[in-house]
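Residue numbers count from 1 along this sequence.
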Amino acid sequence: MSVTPKVLIIYTGGTIGMVVDQEEQALVPLDFDFIKQQLPELNRFHVRLESIAFDKPIDSSNMNPEIWTKMAGAISVNYNDYDGFVVLHGTDTMAYTASALSFMLEDLGKPVIFTGSQLPIGMLRTDGRENLITAVEIAAAMDGDKPIVPEVALYFENDLYRANRTFKSSAEHFEAFRSYNYGSLASAGISIRYHRHLIAEMPNSE
């Protein structure tokens with residue numbers, strides 16, 4: 001009998017959870033409940049989804065080692081209760097945070113998938129919908145009883161990259177991240193194609 005994967009979404013802030021203030025004509029942050037309202041598709045997954053959020057959404061320009069430590073701590077505390085994790089983060093410093101956590105989370109044997117968006121989730125042409133849905137699917141992906149991607153990675157616009165080989169290359173295009181010195185771990189099209197020879201192996205449990 002198959003077991004339903006369990007994924008924890010950690011919402012830290014970023015464009016994906018923002019909305020336009022009509023009076024100020026500026027983006028203002030909202031909470032994770034807003035994202036869930038915009039994405040009823042999440043309820044159709046064969047995945048048990050739960051979420052936690054920072055008390056106040058954090059602009060990615062304000063990320064710092066203290067917040068990295070808090071984020072890593074949230075994953076460590078919940079590690080045994082979930083099969084994978086998705087971190088929603090602002091794009092400007094996402095690669096830095098993801099890279100830092102790849103070194104902070106030693107002997108990681110589960111997916112920690114960072115994602116976000118260039119446009120807020122409530123906007124008509126948002127990239128946040130596909131980014132979040134696919135990140136959840138990757139975080140829940142199993143090969144038997146083992147996760148397919150047991151490492152910290154960053155998913156954005158059809159490609160999954162190793163966290164500490166990634167940088168933001170564009171503020172204008174949906175294809176905003178690149179990894180020039182290491183190939184993508186997976187490519188998403190009609191289906192998700194995993195490049196298993198590039199994905200980290202499970203740590204030795206002995």
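In this structure a side-chain-to-backbone donor-acceptor pair under 3.5 Å is missing from D127 to E157. S60 contributes no side-chain N or O that, together with a main-chain N or O of G14, makes up a donor-acceptor pair within less than 3.5 Å. Without hydrogens or angle criteria, T4 side chain to V47 main chain gives no donor-acceptor distance under 3.5 Å. Side-chain N or O atoms of D83 include one that pairs as donor or acceptor with a backbone N or O of K6 at under 3.5 Å. A donor-acceptor contact shorter than 3.5 Å links the side chain of S179 to the backbone of R165. N78 places a side-chain N or O within 3.5 Å of a backbone atom of A74 that can act as its donor or acceptor partner. Side-chain atoms of R162 come within 3.5 Å of backbone atoms of L198 as a donor-acceptor pair (strictly under, hydrogens ignored). Counting only distance, with no hydrogens or angles, the side chain of T166 and the backbone of A95 share no donor-acceptor pair below 3.5 Å.
Under the 4.5 Å side-chain heavy-atom criterion for grouping Ile, Leu, Val, Met, Phe, Trp and Tyr, F103 is not connected to F167 through any hydrophobic cluster. Side-chain heavy atoms closer than 4.5 Å link hydrophobic residues (I, L, V, M, F, W, Y) into clusters, and following such links, even through other members, never connects L49 to M142. Both I52 and V112 are members of a single hydrophobic cluster when ILVMFWY side chains are connected at heavy-atom separations under 4.5 Å.
Within a 6.0 Å radius of CG in D107, other residues, nucleotides and ligands contribute 12 heavy atoms or fewer. The number of heavy atoms from other shown groups lying within 6.0 Å of OH (Y82) is above 12.
For the side-chain hydrogen bond (donor to acceptor under 3.5 Å, both in side chains) test with H89, the passing option among T12, T97, T115 is T97; the others fail. Of the listed residues (I138, V86, I113), just one forms a side chain to side chain contact (heavy atoms under 4.5 Å, CB included) with V7, and that residue is V86.
The distance from the OG atom of S117 to the CG atom of N131 is 7.0 Å, given to the nearest 0.5 Å. Taking CZ of R178 as the start and OG of S184 as the end, the distance is 11.0 Å to the nearest 0.5 Å. Note that the CD atom of Q118 and the CD1 atom of I16 stand 11.0 Å from one another [nearest 0.5 Å]. Note: I10 CD1 to S51 OG = 10.0 Å, rounded to the nearest 0.5 Å. We find the CG-OH distance between L160 and Y155 to be 8.5 Å, quoted to the nearest 0.5 Å. Distance check, rounded to the nearest 0.5 Å: CD of E41 to CD of E130 gives 11.5 Å.
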Trace of the side chain to side chain contact (heavy atoms under 4.5 Å, CB included) decision for L105 with S76
CA-CA 8 Å; L105 298 170; S76 297; 4.0 Å; yes
Please walk me through it: do F156 and M94 pass side chain to side chain contact (heavy atoms under 4.5 Å, CB included)?
CA-CA 11 Å; F156 218 89; M94 186 191 300; 4.2 Å; yes
Decide yes or no on side chain to side chain contact (heavy atoms under 4.5 Å, CB included) for M63 and W68, but give the supporting numbers first.
CA-CA 7 Å; M63 283 290 170; W68 294 345; 4.3 Å; yes
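Looking at I9 and F85, their side chains never come closer than 4.5 Å, going by heavy atoms from C-beta outward. Within the 4.5 Å cutoff, the side chain of L154 has no heavy atoms near those of the D159 side chain. Between K70 and F54, some side-chain heavy-atom pair lies under the 4.5 Å cut-off. With a 4.5 Å cut-off on side-chain heavy atoms, P57 and Y11 count as touching. When side chains are defined from C-beta on, S187 does not count as touching N158, because their heavy atoms never get closer than 4.5 Å.
Contact between V152 and S102 at its shortest, heavy atoms only, is CG2-CA, 3.7 Å. The nearest pair of heavy atoms linking A139 to P111 is O-CG, 3.5 Å. In terms of heavy-atom proximity, P150 sits nearest to A200 at CG-O, 3.4 Å. Heavy-atom minimum distance, Y182 versus L185: CE2-CD2, 3.9 Å. The two residues G109 and P147 come nearest to each other via the heavy atoms O-CG, 3.1 Å.
Under the 4.0 Å criterion applied to side-chain N and carboxylate O atoms, E151 and K110 are not assigned as salt-bridge partners. D143 and R196 are joined by a salt bridge, as a carboxylate oxygen and a charged side-chain nitrogen come within less than 4.0 angstrom of each other.
The hydrophobic side chain of I190 is isolated, with no ILVMFWY side chain under 4.5 Å apart from it.
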